[in-house]
Amino acid sequence: MLCSEPWSEGCGSIAHTPLLDPSPSVSESSRYQPQAIETGWQRAWQENGLHDTPELKPGDDAFYALSMFPYPSGNLHMGHVRNYVITDVVARVQRLRGKKVLHPMGWDAFGLPAENAAIERGVDPGAWTDQNIASMREQLNQLGLSIDWEREVATCHADYYRWTQWLFLHFLDSGLAYQKDATVNWDPIDQTVLANEQVDSEGRSWRSGALVEKRKLRQWFLKITDYAQQLLDDLSQLDGWPERVRTMQANWIGRSTGAELQFTVVDAAGHDTAERITVFTTRPDTIFGASYVVLAPEHPLVAELTTAEQEIAVEAFCDLVSRQSEQERTAEDKPKRGVPIGAQVRNPANDELIPIWIADYVLAEYGTGAVMGVPAHDQRDFLFARQYELPVQQVIIPEGSDEHAFEGGAWTEGGVLIHSGRFDGLPNGDAKQAITSAAAAEGWGQEKVQFRLRDWLISRQRYWGCPIPVIHCDSCGVVPVPADQLPVELPQGANLAGKGGSPLAQLENWVNVSCPCCGQPAKRETDTMDTFMCSSWYYLRYSDATNTTRPFSEDAVNSWLPVDQYVGGIEHAILHLLYSRFFTKVLRDRGLLGFDEPFQRLLTQGMVQGITYKNPHTGKYIAPADVADPTDPRDPASGEVLETFYEKMSKSKYNGVDPAVVIDKYGADTARMFILFKAPPEKDLEWDDADVEGQFRFLQRIWRLVDGACERGLSLAAGAGGPEAVVQALAAGSLNPAEQELRRAVHTAITEISDDLDGDYQFNTAVSELMKLSNAMGTHLENCGEVFACEALRTLLILLAPFAPHLAEELWLKLSGRNAGDALASSSIHAQRWPAADASALVRDTVTLVIQIKGKVRGNLEVPADADKATLEKLALESDIAAKWLEGKTPSRVIVVPGKLVNLVP
RNA sequence: GGGAGCAUGGCGGAAUUGGUAGACGCAGCGGACUUAAAAUCCGCAGACGGCAACGUUGUGGGGGUUCAAGUCCCCCUGCUCCCA
């Protein structure tokens with residue numbers, strides 16, 4: 001494709017805008033004005049299709065660079081900028097290296113903000129979302145991201161969620177989607193249920209922050225527990241993931257090995273009944289110390305086994321517990337409460353009769369909903385037993401110690417068994433195995449692997465989400481909507497008051513349908529899906545985003561995926577990343593794709609923090625603009641000294657920096673360079689205006705450097721400074737000292753930057769290498785001949801191109817001698833090849849040899865680079881340094897590290 | 001309580017396999033240019049002592065391994081995150 005209309009006038013295309021350049025003294029040369037070049041290049045790249053995804057042919061080297069797609073809130077913040085700039089640099093580097101790159105973008109567009117906006121302002125959530133998408137796309141484009149917008153997806157558009165529904169039906173068909181009555185997390189503010197992953201460690205909703213309540217409701221679940229073992233095992237494949245994230249997922253899945261043991265319920269006379277209570281324990285070795293059994297208040301046997309005398313107390317207790325959150329029930333600092341239900345069980349290990357209790361700290365959803373209470377060896381049981389005066393029986397003691405030594409608390413460490421009949425004297429590790437085996441042989445237990453992970457609750461009682469495509473029929477039950485009737489579109493006109501139940505349920509015309517099976521009147525499902533369902537497969541859709549017959553073709557998905565580099569926030573370490581891994585495995589098992597893991601490498605970028613001022617007395621945050629003197633920050637109202645620190649940018653702390661303002665002032669290239677340079681990508685980044693200024697100065701220096709080269713008449717036309725020209729010049733004659741220095745700087749930069757962009761991404765040091773190269777060019781360029789000067793210029797610009805794409809492109813044009821109207825597809829700097837380092841340019845004749853005396857550095861010598869060990873030792877011993885510090889003594893030991901140092905040990 | 005990670009100048013951060021600690025930048029200081037300022041250019045800069053040459057010391061604290069430790073091992077302290 002040709003650039004139809006030259007938008008720039010070539011070298012010196014920048015108009016001398018008097019407003020921005022009041023100084024007449026520089027009128028001879030142009031100035032770096034990013035505002036004047038960036039939008040033009042963005043449009044030119046777009047029109048020339050520079051970021052279109054190339055078609056993949058067999059054997060092609062493909063690279064998939066992906067950012068976590070944003071929720072279209074309408075406002076781009078610095079966290080987004082950091083995320084997308086990092087991914088963009090990765091994508092651009094891979095293109096320069098000759099890879100075929102897929103770098104897409106889309107919108108995680110269902111969810112509550114749109115619905116809340118609709119409630120508050122009476123707007124249509126779809127229209128509101130589309131408007132936000134348009135404005136955010138515009139903001140993203142100002143960053144100069146090399147995104148292929150042809151593959152854009154929005155999860156709230158029917159051409160996308162149609163396939164979310166289609167995939168849901170696959171889950172349903174394979175028995176992995178089901179409905180059940182369950183005690184679930186209820187968010188009283190957002191009026192909907194939440195998945196366990198969406199409740200934080202304080203028992204609050206990840207979105208609204210409300211304290212989550214428990215409710216018993218009929219809900220849809222996905223059987224992620226079926227994949228618990230695989231999700232855990234395959235973490236070991238993910239060596240391109242941060243260790244941290246892998247540990248977090250492993251903890252979340254929470255595999256523990258233990259045993260299920262059965263306690264027989266006895267009647268009032270002490271005779272065995274047919275009823276048994278199965279407990280799960282990770283400590284079968286302590287069964288002889290069990291002094292009671294506890295059921296969750298919700299356990300089905302509670303009603304059946306409670307005796308008449310205890311009925312009132314038990315009912316009252318269950319009522320009390322039902323109003324508590326899971327957090328309140330299990331928090332370690334809360335007292336544990338319980339009541340006996342009157343019945344007893346027989347301990348299968350020693351035939352003792354022990355009472356059955358119910359207690360708040362036992363949860364129906366975990367394990368079997370029943371545990372054995374062993375006060376001597378579990379701290380929670382110990383506190384419970386002490387409170388209710390239940391017996392405490394030591395059954396494990398450290399070898400050689402006294403059984404009464406630990407009566408102040410539970411002994412939870414290892415030891416040997418006592419009071420355990422035939423198992424006495426066994427180390428407790430062995431006893432776990434022995435007791436479990438005995439239980440299995442005698443029919444009262446078995447080994448059991450337990451996961452902490454629970455099934456994923458995916459239904460939501462909200463409007464703005466993907467409708468669950470099933471129909472409830474009185475005679476046929478749950479009937480999937482036939483695939484050819486998808487999508488089940490979200491109906492218009494729902495009342496989104498945000499109170500009580502699914503808004504869709506009120507739309508009778510929509511709800512009432514005939515059963516696809518029997519034709520009788522039936523009702524649609526009125527819950528919508530958790531938005532995490534929509535985001536669990538979007539990365540697959542990008543491979544084939546416009547397919548109208550399938551979510552993606554097998555061919556496309558298998559040739560582009562898995563994602564080579566995924567970039568996003570650590571906050572998704574569990575939620576999105578776990579769900580996506582689960583989806584991938586299910587779809588693999590359904591034959592829809594051919595890989596086990598969706599994301600090969602993961603980079604979790606740190607937060608962007610803003611400078612924050614807080615009055616320590618009033619607790620109020622003060623806007624930086626209101627602080628008169630940043631070196632002595634004071635409250636403008638009271639004059640009190642303020643606390644200064646860096647914290648994640650947020651409106652309420654007045655510490656945010658708007659990307660648009662920064663781009664207006666300095667341009668996107670400066671913003672990109674700053675963000676990449678200021679901190680390593682995975683660390684938090686402190687936004688600092690002075691550093692941004694410094695970054696802008698660096699880009700200006702590069703501009704002036706190239707400008708000077710232009711004035712000198714240097715041009716990169718016809719391959720000047722390219723590899724062939726360099727080879728010829730090297731063959732033709734020797735280099736002057738400046739040329740040698742310059743070439744060393746150029747090829748050091750290539751080596752170091754290539755290294756920094758390989759494997760572990762170290763953009764910060766890559767940028768500093770660019771600065772070193774530009775510094776060296778400032779020193780040496782004028783003393784260098786044309787060929788080597790051009791080699792340096794060419795290299796600098798290509799190395800700079802992924803970081804500051806607009807500036808590099810503009811300067812490339814300035815030096816190219818070509819017309820701005822030439823086809824960009826091949827002439828753009830972004831269509832060039834990453835330079836190769838010439839090792840011979842790094843070779844030195846002499847090196848600096850460090851002389852150490854007894855391990856301390858005492859000086860250095862210039863020595864021939866090829867000197868052997870014996871020569872180095874001789875030179876060191878003969879040196880003034882040795883003479884001064886050895887005082888005539890002969891060293892007893894000499895360590896020589898060629899090229900580095902000689903250590904003389906007297 | 002269990003697990004993971006981190007700790008380097010005034011600040012952000014660099015430092016192959018252990019081999020000159022502090023690259024690069026910000027802030028600072030000195031100088032040049034300017035009537036002046038801004039911008040730009042050149043230079044200085046861990047701390048302590050010294051006019052200087054130079055010396056001592058120095059990567060949270062303590063110990064160890066080694067010719068040599070920011071880097072490896074052990075203990076401690078502090079911070080961050082995850083799980084309880």
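The sequence lines fix the lettering, A, B, ..., with proteins before strands; numbering per chain opens at 1. Reckoned from all heavy atoms, side chains included, excluding hydrogens, waters and symmetry mates.
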In this structure, how many angstroms lie between the [atom2] atom of [N] and the [atom1] atom of [X], rounded?
X        : N     : atom1 : atom2 : answer
A/Phe696 : B/G25 : CZ    : P     : 17 Å
A/Ile853 : B/G19 : CD1   : P     : 20 Å
A/Trp241 : B/A4  : CH2   : P     : 20 Å
A/Arg697 : B/A39 : CZ    : P     : 8 Å
A/Ile570 : B/C6  : CD1   : P     : 14 Å
A/Asn764 : B/C24 : CG    : P     : 14 Å
A/Lys900 : B/U20 : NZ    : P     : 7 Å
A/Ile611 : B/G12 : CD1   : P     : 12 Å

Selection from [options] that lies nearest to any side-chain heavy atom of [X]:
X        : options             : value
A/Ser768 : B/C24, B/U20, B/C67 : B/C24
A/Pro680 : B/A14, B/C67, B/C24 : B/A14
A/Leu901 : B/C82, B/C24, B/G19 : B/G19
A/Ile574 : B/G3, B/G13, B/C82  : B/C82
A/Lys678 : B/C26, B/U40, B/G12 : B/G12
A/Arg893 : B/C67, B/G55, B/G25 : B/C67
A/Lys683 : B/C67, B/G25, B/G13 : B/G13
A/Val857 : B/A21, B/C41, B/C82 : B/A21
A/Gln852 : B/G19, B/C26, B/G55 : B/G19
A/Thr848 : B/A15, B/G3, B/U20  : B/U20

Watson-Crick/G-U partner (both atom distances under 3.5 Å) of [N]:
N     : value
B/A69 : none
B/A36 : none
B/A7  : B/U77
B/G1  : B/C83

Provide the distance between the two [atom1] atoms, one in [N] and one in [M], to the nearest whole Å.
N     : M     : atom1 : answer
B/G1  : B/C73 : C1'   : 26 Å
B/C75 : B/C26 : C1'   : 38 Å
B/C6  : B/C74 : P     : 14 Å
B/A45 : B/U40 : P     : 22 Å
B/G25 : B/U16 : C1'   : 24 Å
B/G13 : B/G9  : C1'   : 11 Å
B/U65 : B/U71 : P     : 15 Å
B/G70 : B/A15 : C1'   : 9 Å

Parallel, tilted or perpendicular: rings of A/His576 and A/His572 (30°, 60°):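 The rings of A/His572 and A/His576 stand perpendicular, inter-plane angle above 60°.
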Sugar-phosphate, base or nothing in reach of A/Phe698, heavy atoms under 4.0 Å: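 Counting heavy atoms under 4.0 Å across all strands, no contact is made by A/Phe698.
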side-chain N/O A/Arg858 vs B/U56 OP1/OP2, d < 4.0 Å: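 Yes.
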Ionic contact status for A/Glu647 with A/Lys653, cut-off 4.0 Å: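 A salt bridge is present here (some side-chain N lies under 4.0 Å from a carboxylate O).
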Residue that, paired with A/Tyr666, satisfies ring-ring contact (aromatic ring centres under 6.0 Å, His included) out of A/Phe674, A/Phe696, A/Phe698: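 Only one of A/Phe674, A/Phe696, A/Phe698 forms a ring-ring contact (aromatic ring centres under 6.0 Å, His included) with A/Tyr666, namely A/Phe696.
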Distance-only donor-acceptor test (3.5 Å): side chain A/Asn903, base B/C67: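 Under the 3.5 Å cut-off, the side chain and the base do form a donor-acceptor pair.
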B/G9: syn or anti, per glycosidic angle within 90° of 0: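 Syn, angle within 90° of zero.
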A/Asn428 side chain reached by A/Arg283 side chain, heavy atoms, under 4.5 Å: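 Yes; the side chains approach each other to less than 4.5 Å.
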Student check: side-chain heavy atoms of A/Val81 and A/Asn83 closer than 4.5 Å: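 No, their side chains stay 4.5 Å or more apart.
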Side-chain donor-acceptor contact under 3.5 Å, A/Gln387 with A/Arg337: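 The answer is no; no qualifying pair exists.
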For A/Thr281, the option from A/Gln450, A/Met372, A/Lys432 that meets side chain to side chain contact (heavy atoms under 4.5 Å, CB included):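 With A/Thr281 as partner, A/Gln450, A/Met372, A/Lys432 yield a single side chain to side chain contact (heavy atoms under 4.5 Å, CB included), made by A/Met372.
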Atom pair CD1/CG of A/Ile750 and A/Asp838 - distance to nearest 0.5 Å: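 Between A/Ile750 CD1 and A/Asp838 CG, I get 8.5 Å after rounding to 0.5 Å.
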